[in-house]
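Notes follow once the structure below has been shown.
As a basis for the values below, the full set of heavy atoms in this structure was taken, side chains included, without hydrogen atoms, waters or symmetry mates. Here is the naming used below: chain letters follow the sequence lines, and residue numbers restart at 1 for every chain.
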Number of protein chains: 4
Amino acid sequence: MVETQAATSVQGHDEDCAKRRQIIKGARTVFLEQGFDGASMGEIARAAGVSKGTLYVYFTDKNSLFCEIIEQESIAQGMLSFDFMPERDIETTLKVFGTAYIKLLCNPRGASAIRTVMAIAERMPDIGRRYYERVIANSLGRFARYLDQQVKSGTLVIDNCDLAAAQFTKLCQATLFLPFIFQMTETPSSERIAEVVDSATRMFLAAYRAKPDDARPS
Amino acid sequence: MVETQAATSVQGHDEDCAKRRQIIKGARTVFLEQGFDGASMGEIARAAGVSKGTLYVYFTDKNSLFCEIIEQESIAQGMLSFDFMPERDIETTLKVFGTAYIKLLCNPRGASAIRTVMAIAERMPDIGRRYYERVIANSLGRFARYLDQQVKSGTLVIDNCDLAAAQFTKLCQATLFLPFIFQMTETPSSERIAEVVDSATRMFLAAYRAKPDDARPS
Amino acid sequence: MVETQAATSVQGHDEDCAKRRQIIKGARTVFLEQGFDGASMGEIARAAGVSKGTLYVYFTDKNSLFCEIIEQESIAQGMLSFDFMPERDIETTLKVFGTAYIKLLCNPRGASAIRTVMAIAERMPDIGRRYYERVIANSLGRFARYLDQQVKSGTLVIDNCDLAAAQFTKLCQATLFLPFIFQMTETPSSERIAEVVDSATRMFLAAYRAKPDDARPS
Amino acid sequence: MVETQAATSVQGHDEDCAKRRQIIKGARTVFLEQGFDGASMGEIARAAGVSKGTLYVYFTDKNSLFCEIIEQESIAQGMLSFDFMPERDIETTLKVFGTAYIKLLCNPRGASAIRTVMAIAERMPDIGRRYYERVIANSLGRFARYLDQQVKSGTLVIDNCDLAAAQFTKLCQATLFLPFIFQMTETPSSERIAEVVDSATRMFLAAYRAKPDDARPS
DNA sequence: CATGAATGAGGATTCATTCAT
DNA sequence: CATGAATGAATCCTCATTCAT
């Protein structure tokens, strides 16, 4: 109510007023738990602690509320990104990245988002694409560029860095992701993650690390 | 309602009479195309060419019909399995298996099933688990046993064959599976599949093929 | 349940089975009493003695139920038509027709239909047009053709029979129709109707009856 | 909220302060365009350029706002009335009046008002009655009094001037009003109006003009 | 007074399920 | 057994109305 805030508080219910955030929070819970069809606007309203009518003050319909949730979720996950510090040795970098990546994928929230988006991707392809681009392609792209640098600096020998990036992330998922997403296990322990990521790193480096002979072909 | 029918009508409707199969066929189409919530019993009845009432003669409710579909689908996919001919050289075996595996995963039917089950796994965890066991763990298990044999026969050196099996299948998915399931691309071409599977095979063998030195440590 | 009926009973819920008629009856009451927007599907269901769901078995939506009501109503009113017996003397014919016409217009049911259709004509022009053609233009047209005959037979001298027909029906409405439709009065008594129709007839004949001189211009 | 405004804000909101007029203007547009049920308070607020809350400062509810609109509209139309200059010859007077009357009835605004009121008359009979009295009975009454004068001055011979007044206005509507209100045609052209009004005038005078013989029966 | 955010009752519509035939 | 008409609960969404500021 003071002048310093006046400029931003005028904006009405379009940006990020408290109610809107409150709704989004409730909707995220319900949508990610129940999926698009499983979630009802009534339940969302209850979860958010507002009336059903209020939902429609902030979002034109169920669809657009859902899109907003996925959008935010994908931005949030896309931002959680991984610093590839070029000066650090490759092995450590791979392990740190792989571990962080798996922890993102194999926790209840990340898995819910993936499941929910995957489920709806056939009927709402745009949602699927946006999510893929924001969350998956984005990390993968940054990782691929890191690999590029390493190739240029002679540490690695890789033909197709995009493929290599995908390969590494896939290797890290090995026995962890699918069992988790199909509800076979709880979130994997740090030990199991470390084990799988170590193996992935070894395999990756075995395939792509520059050999001494490569460097000195003369 | 007359006696002439009594004999046949006694047998019950529990096994696999034609009507039941007909219903399952229609339901599979609709469930896999639309997902659990998207499918309506009316549409299923229409697709199966029976009345809505008949659905309830064979299945107690929508839920149990869905379970049956997924059960059958998972059995069907689990049966489509891969012959690991021990006499064939490893490289070829890996490539043949990898290619078949990806073709199974990245075609509309396989993807629909995975999507559908993944989507529901949070609300119906049993379904998720059964599917995983039947379809994924099953193939993976057989592949792991094949690797075991190869380890025993000295062709490969693998510490954890379950992990290795998962690694190979994951490597084969590298750049193919997710873009497909998130609707970024159509079913990948044979060429692209071959490329990715070849790279996976190379990487796998680089890591796990027995080196000449390994064999003669004595 | 006997064979003689088999052929017609097959038709399902498309033609005029009892339920459908029952729904239409209830819907007519409610729609004509409350107008399109004022009527709720719940109230219609209650008035028809069926469940809300049943309404949608027979009609795709509120709109099409409404159209059906108006269609039927307009057909019913259009069929109530007026015999113009050429052999009867004109004066009697006009009085009989005028009286019947006003009784149609100025009774609760006819008025409700006109009101309801008029109200919706701006948003659903097709409904307005169909109703006008079926109910109004139809009677008017037949009356105009009767006048034509009388002109040809020398009894009347009329330049524009369509205009004349409209004029007569309007004259008959004089002080009756609007007060009734705006709820100023109950259905007018036969005496009042006779009075107005007599006056209309006199005026019409004063303007259009062939004078003796017209017939013998020689 | 400061004292400077106190003085003016005391006067209450009952009469015709600017805000109130502003609301009425917006509401008229929306109500006449969409009908009572079709109009939403939100749209009215938008059309009036005030907040929804303000509507309820000036009017207790939607109903009473609607009544006010119809009231004002009926007054406005009732005032648009027709000067019956006694010195002008009857034929001209009738033609001028008939033409003005039809132009009032058969233009979008007049038609909207009639349609709107007619539509609601069954559910809100008072509204119907007030409108009839103000708009229809009023013009008709003044016209009837004019006819009275003409009867007294010997120009016309009319038994029931109220009936005659209604007859003339009805004759003028002949082929024009109903087709227009049922959306069969656009606003009729001046030529068509002139044609119908001329015919009405001729017919009216043929029936009611004093004949030379009438005047000198003695 | 003026606002507009918030409400919740009510409306149209869908759909899993039942039941008389 | 097979049917399909009938149901009514549940869903999304709208809108008149209220109230704190």
Side-chain angles (χ1 to χ4, degrees), chain A residues 1 12-13 17-20 23 37-45 49-63 65, chain B residues 1-2 5-6 8-13 17 19 23 37 39-46 50-63 65, chain C residues 1 9 12-13 17-20 23 37-45 49-63 65, chain D residues 1-2 5-6 8-13 17 19 37-45 50-63 65:
Chain A
M1 287 140 192
H13 45 75
C17 70
K19 262 279 155 44
R20 191 184 163 91
I23 290 172
D37 296 294
S40 87
M41 291 300 264
E43 200 174 348
I44 290 172
V50 301
S51 76
K52 251 190 294 183
T54 304
L55 262 31
Y56 290 89
V57 172
Y58 292 87
F59 298 91
T60 63
D61 56 9
K62 189 184 183 180
N63 231 286
L65 175 52
Chain B
M1 288 141 191
V2 224
Q5 291 227 350
T8 57
S9 65
V10 168
Q11 65 179 192
H13 40 75
C17 68
K19 265 275 155 54
I23 290 173
D37 297 293
S40 86
M41 293 297 266
E43 201 174 347
I44 290 171
R46 214 176 317 121
V50 302
S51 76
K52 258 194 289 183
T54 305
L55 261 32
Y56 289 86
V57 172
Y58 291 88
F59 298 91
T60 64
D61 58 11
K62 189 184 183 182
N63 230 287
L65 174 52
Chain C
M1 289 137 191
S9 65
H13 46 74
C17 69
K19 261 284 155 41
R20 191 183 162 92
I23 291 173
D37 296 293
S40 87
M41 292 300 265
E43 200 174 347
I44 290 173
V50 302
S51 76
K52 253 191 295 184
T54 304
L55 261 31
Y56 289 88
V57 172
Y58 291 86
F59 298 91
T60 61
D61 58 8
K62 188 184 183 181
N63 229 286
L65 175 52
Chain D
M1 288 143 191
V2 224
Q5 291 228 349
T8 58
S9 65
V10 167
Q11 64 180 191
H13 42 77
C17 68
K19 265 274 156 54
D37 297 292
S40 85
M41 292 298 266
E43 201 174 347
I44 290 172
V50 303
S51 76
K52 257 194 290 184
T54 306
L55 261 32
Y56 289 87
V57 172
Y58 291 87
F59 298 91
T60 63
D61 57 10
K62 189 184 183 183
N63 229 287
L65 175 52

Nearest listed nucleotide, side chain of C:Ser51, among F:dG4, F:dT7, E:dA2: F:dT7

Whole-Å distance separating the CD atom of A:Glu43 from the P atom of F:dA9: 19 Å

Atom of A:Tyr58, atom of A:Ile23 and distance for their closest heavy-atom approach: CD1-CD1, 3.6 Å

Atom-to-atom span, CG of A:Leu65 to C1' of F:dT11 - whole angstrom: 15 Å

Residue pair C:Ala45 / C:Ser51: nearest heavy atoms and the distance that separates them: CB-C, 3.9 Å

Spacing of A:Met41 atom CE relative to E:dG10 atom P, expressed in whole Å: 21 Å

Heavy-atom pair with the smallest gap, counting every atom of A:Gly38 and A:Glu43: O-OE1, 4.5 Å

Sugar-phosphate only, base, or nothing, as touched by B:Thr54 at under 4.0 Å among non-hydrogen atoms: base

Nearest-angstrom distance from the residue atom OH of D:Tyr56 to P of F:dC19: 13 Å

Heavy-atom side-chain proximity of D:Lys19 to D:Val57 below 4.5 angstrom: no

Separation of E:dT14 P from C:Phe59 CZ (nearest whole Å): 15 Å

Nearest listed nucleotide, side chain of D:Val57, among E:dT7, F:dA6, E:dA2: E:dA2

Nearest-nucleotide 5' precedence on DNA chain F, A:Thr60 against B:Gly53: B:Gly53

Listed nucleotide nearest any side-chain atom of A:Ser40, set F:dC12, E:dT13, F:dT17: F:dC12

Side-chain N,O (C:Tyr58) to OP1/OP2 (F:dA6) below 4.0 Å: yes

B:Lys62, nearest nucleotide to its side chain (from E:dT17, F:dA16, F:dT3): E:dT17

Sugar-phosphate only, base, or nothing, as touched by C:Ala45 at under 4.0 Å among non-hydrogen atoms: nothing

Integer-rounded Å distance: F:dC13 C1' and A:Ile44 CD1: 13 Å

Interatomic distance where CG belongs to C:Leu55 and P belongs to F:dA5 [whole Å]: 15 Å

Distance-minimising heavy-atom pair for D:Asp61 and D:Tyr56: CA-CE2, 4.0 Å

Nearest-neighbour nucleotide for the A:Lys52 side chain, F:dA16, F:dC12, F:dT7 considered: F:dC12

Whole-Å distance separating the CG atom of B:Asn63 from the C1' atom of E:dT17: 13 Å

Base-pairing mate for F:dC19 - Watson-Crick or G-U, with both contacts under 3.5 Å: E:dG4

Residue-phosphate contact under 4.0 Å: C:Lys19 side-chain N/O, F:dA6 OP1/OP2: yes

